[in-house]
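Here the structure is a predicted model, which is why all the values come from computation and not from measurement.
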Amino acid sequence: MKAINRIIDTARRAPMRIVLCESEDERVLTAAARATREGIARIVLVGDIGKTRRAAEAAHIDLAGMELIDPATSAMTDAFAQTWHDMRANKGMTRARATEEMRSPLGFANMMVRLGHADGAVAGAVNTTADVVRMAIQIIGVQPSFQLVSSFFLMMLCEPFHTMKGGLIFSDCALVVDPDAAQLAQIALAAADSASALLMEPPRVAMLSFSTSGSAKHAAVDKVVEATRLVKEARPALAIDGDVQLDAAIVSEIAQRKVVHSQVEGHANTLIFPNLDAGNIGYKLAERIGGAKAIGPLLQGLNRPANDLSRGCSADDIYYVIGVTCVQAQAARAKLTGTSPLATPP
């Protein structure tokens, strides 16, 4: 089964409450209707209800089964604004500004996630990445076990011409420009969690470099080596190789020749790029030349799931990100409660 189909099936087994705050966009409505119809999520649309209904009617989209909330009239807005004011008062947030920002669909949706009224959020079809990421970090917050939020792409290799099949995690390809060793280790740890949740198999991490097992001497290699050491220190049981070149990370025959005491043995499913130059180039090469399907950029390291979309995304892209966000939410709930990720949510 294709990796994305496994994710959709997993989402369907325990649908989570996912909030979408760009409810007047036809692509968002199309994806929301599909997610509702196929039972992968319980959808909440946040925005002007009148405009949302008119947009849906014009596109012949059925909103049955979805909840619609208008922040301008919701009974929750005042409480959200008070919470937001309390959170940011020491940074100059006024009560009036807090109310204004909670009346915006993006702010309201993120506060729903923070306070447990929704399990995850998806935005970015209309809002910029900068706004989506900023509001998610400020409102939902960073997991206590991490010091930064990073991104990843879920890369699908499912076509007949792919000799390597399945899903891969590529990180960080969209957010952290030039991580130091400690930040790179944080990215790797978060990406390992993303692999566990979404690939549904143990993470096998490759810390990528132009060097393998010290074959080159350079400060850039030293950074990868140090990051690898920090990851091993944090999670001794995690399978990880680094420093390692891409071919040695994903081709077992090359790993046998080049990697000293390999734990991954050329079967990496989580590729950690040393900086954003490499990550962005790498995922686009895999997508445009290698024919991989790229889903993302997705966010990792947040207290609760929230994901960004490209403003050029399709309805199918949004649908898949809703599914991914649902599975992330299942994993987050399981971690919080100590239950199975597929336990039925309340």
- Task: Could you walk me through whether M102 and M111 pass the side-chain contact (heavy atoms from CB on, under 4.5 Å) test, one step at a time?
- Result: CA-CA 8 Å; M102 287 302 105; M111 191 60 77; 3.7 Å; yes

- pair L298-V324: side-chain heavy atoms closer than 4.5 Å: yes

- Query: Is the shortest heavy-atom distance from the side chain of F152 to the side chain of D172 under 4.5 Å?
  - Reply: no

Identify all side-chain donor-acceptor contacts of residues 51-60 below 3.5 Å with residues at least two apart in sequence or on another chain.
unit_1	atom_1	unit_2	atom_2	d
T52	OG1	S23	OG	2.6
T52	OG1	D48	O	2.8

- Query: About how many Å separate CG of N307 and SG of C326, when rounded to the nearest 0.5 Å?
  - Reply: 11.5 Å

- Query: Among pairs that include at least one residue of residues 241-264, which meet salt bridge (Lys or Arg N to Asp or Glu O under 4.0 Å), considering only residues two or more places apart or in two chains?
  - Reply: D247-K258

- Message: Would a single hydrophobic cluster contain both V126 and I318, if residues Ile, Leu, Val, Met, Phe, Trp and Tyr are joined by side-chain heavy-atom contacts under 4.5 Å?
- Response: no

- Could you tell me the separation between the CZ atom of R37 and the CE atom of M66, rounded to the nearest 0.5 Å? 9.0 Å

- Item | Hydrophobic cluster of V264, others only, ordered by chain and residue number, side-chain cut-off 4.5 Å | none

- Item | Hydrophobic cluster identity match, V149 and I295, side-chain contacts under 4.5 Å | no

- Task: Go through V122 and I18 one step at a time and tell me if the side-chain contact (heavy atoms from CB on, under 4.5 Å) criterion holds.
- Result: CA-CA 7 Å; V122 175; I18 305 300; 4.1 Å; yes

- Item | Donor-acceptor pair, side chain of S151 and main chain of A174, under 3.5 angstrom | yes

- Query: Nearest heavy-atom pair of V327 and M200: which atoms, and what distance?
  - Reply: CG1-CE, 4.5 Å

- Message: Set out, in order, the CA-CA distance, both residues' side-chain angles and the distance that settles side chain to side chain donor-acceptor pair (under 3.5 Å) for Q330 and T10, then state yes or no.
- Response: CA-CA 9 Å; Q330 292 170 351; T10 301; 5.6 Å; no

- Query: Is a donor on one side and an acceptor on the other found under 3.5 Å between the side chain of T325 and the backbone of V321?
  - Reply: yes

- Indicate, with yes or no, if L175 and I272 share a hydrophobic cluster defined by side-chain heavy-atom contacts under 4.5 Å among Ile, Leu, Val, Met, Phe, Trp and Tyr. yes

- Would you call R6-D9 a salt bridge at under 4.0 Å N-O? no

- Item | Min side-chain heavy-atom separation V176-L276 under 4.5 Å | no

- Spacing of L68 atom CG and L63 atom CG [to the nearest 0.5 Å]: 6.0 Å

- Taking side chain as C-beta onward, heavy atoms only, is R12 less than 4.5 Å from E38? yes

- Message: Would the distance check show the side chain of Q300 and the main-chain N or O of S150 forming a donor-acceptor pair, the cut-off being under 3.5 Å?
- Response: no

- Taking the side chain as every heavy atom from C-beta outward, state whether Y319 and I8 have any atom pair closer than 4.5 Å. yes

- Item | Residues that, via side-chain heavy atoms closer than 4.5 angstrom, fall in one hydrophobic cluster with M155 | F153, L157, M164, L168, F170, L208, V244, L246, I250, V251, I254, V259, L271, F273, Y283

- Message: Under the rule for side chain to side chain contact (heavy atoms under 4.5 Å, CB included), what residues qualify as partners of E265, not counting sequence neighbours?
- Response: S262, H267

- Are side-chain heavy atoms of I61 and E26 found at a separation under 4.5 Å? yes

- Could you go through the salt bridge (charged side-chain N to carboxylate O under 4.0 Å, His left out) check for K284 and E287 one step at a time? CA-CA 5 Å; K284 288 185 176 179; E287 180 183 32; over 6 Å; no

- Message: For residues L154 and L299: do they belong to one hydrophobic cluster (side chain heavy atoms under 4.5 Å, members Ile, Leu, Val, Met, Phe, Trp, Tyr)?
- Response: no

- Note on the structure: Contacts satisfying salt bridge (Lys or Arg N to Asp or Glu O under 4.0 Å) that involve residues 94-108 (not counting sequence neighbours) are R97-E101

- State the OG1-CD1 distance between T270 and I187, to the nearest 0.5 angstrom. 13.5 Å

- Query: Tell me, which pairs form a salt bridge (Lys or Arg N to Asp or Glu O under 4.0 Å) where one or both residues lie in residues 291-319, sequence neighbours left out?
  - Reply: R34-D316, K293-D317

- Task: Decide yes or no on side-chain contact (heavy atoms from CB on, under 4.5 Å) for K217 and V221, but give the supporting numbers first.
- Result: CA-CA 7 Å; K217 303 299 181 184; V221 178; over 6 Å; no

- Message: How close do F146 and Q186 get, counting heavy atoms only, and between which atoms?
- Response: CA-OE1, 3.0 Å

- Does the side chain of R17 come within less than 4.5 Å of M112's, by heavy atoms? yes

- Query: Hey, mind stepping through L148 and V142 against side-chain contact (heavy atoms from CB on, under 4.5 Å) and telling me if it holds?
  - Reply: CA-CA 7 Å; L148 82 167; V142 182; 6.0 Å; no

- Query: Which hydrophobic side chains are connected to I281, either touching it within the sub-4.5 Å cutoff or through other members that do?
  - Reply: L285, I289

- Supply the atom-to-atom distance N280 CG to C173 SG, rounded to the nearest 0.5 angstrom. 7.0 Å

- Query: Is the backbone N or O of N303 less than 3.5 Å from a side-chain atom of Q143, with the two atoms forming a donor-acceptor pair by type?
  - Reply: no

- Task: Not counting sequence neighbours, which residues clear side chain to side chain contact (heavy atoms under 4.5 Å, CB included) with A192? List them please.
- Result: P203, V205, R235, L238

- pair K232-I240: side-chain heavy atoms closer than 4.5 Å: yes

- Message: Just verifying a value: how many Å separate M76 CE and T83 OG1, rounded to the nearest 0.5 Å?
- Response: 11.5 Å

- Message: Show the nearest heavy-atom pair for residues A206 and A249, with the distance to one decimal.
- Response: CB-CB, 3.5 Å

- All side chain to side chain contact (heavy atoms under 4.5 Å, CB included) counterparts of A329, not counting sequence neighbours: M16, D119, P305

- Item | Main-chain N/O of A81 paired to H85 side chain as donor or acceptor, under 3.5 Å | no

- Can you see which heavy atom on A188 is nearest to which on M207, and at what distance? CB-SD, 3.7 Å

- Note on the structure: The side chain to side chain contact (heavy atoms under 4.5 Å, CB included) partners of D178 (sequence neighbours excluded) come to K223, N275

- Message: Please check: side-chain N/O of E22 versus main-chain N/O of N127, any donor-acceptor pairing under 3.5 Å?
- Response: yes

- Note: A35 and I322 closest approach over all heavy atoms is CB-CG2, 4.1 Å

- Message: Please say yes or no: joined through hydrophobic side-chain contacts below 4.5 Å, possibly via intermediate residues, are L302 and L198 part of one cluster?
- Response: no

- Query: Under 3.5 Å, is there a donor-acceptor pair between the Q82 and D86 side chains?
  - Reply: yes

- Which heavy atom in P71 sits nearest to a heavy atom in P105, and how many Å separate them? CG-CA, 4.1 Å

- Message: Looking only at the side chains, is there a donor atom on one of E201 and N269 sitting less than 3.5 Å from an acceptor on the other?
- Response: yes

- Message: Can you see whether N110 engages Q138 through a side-chain donor-acceptor pair at a distance of less than 3.5 angstrom?
- Response: no

- Task: If a pair satisfies ring-ring contact (aromatic ring centres under 6.0 Å, His included) and one of its residues is in residues 86-124, list it, with sequence neighbours excluded.
- Result: F80-F108, F80-H117

- Would you say the side-chain atoms of R27 pair up with the backbone N or O of A125, donor to acceptor, closer than 3.5 Å? yes

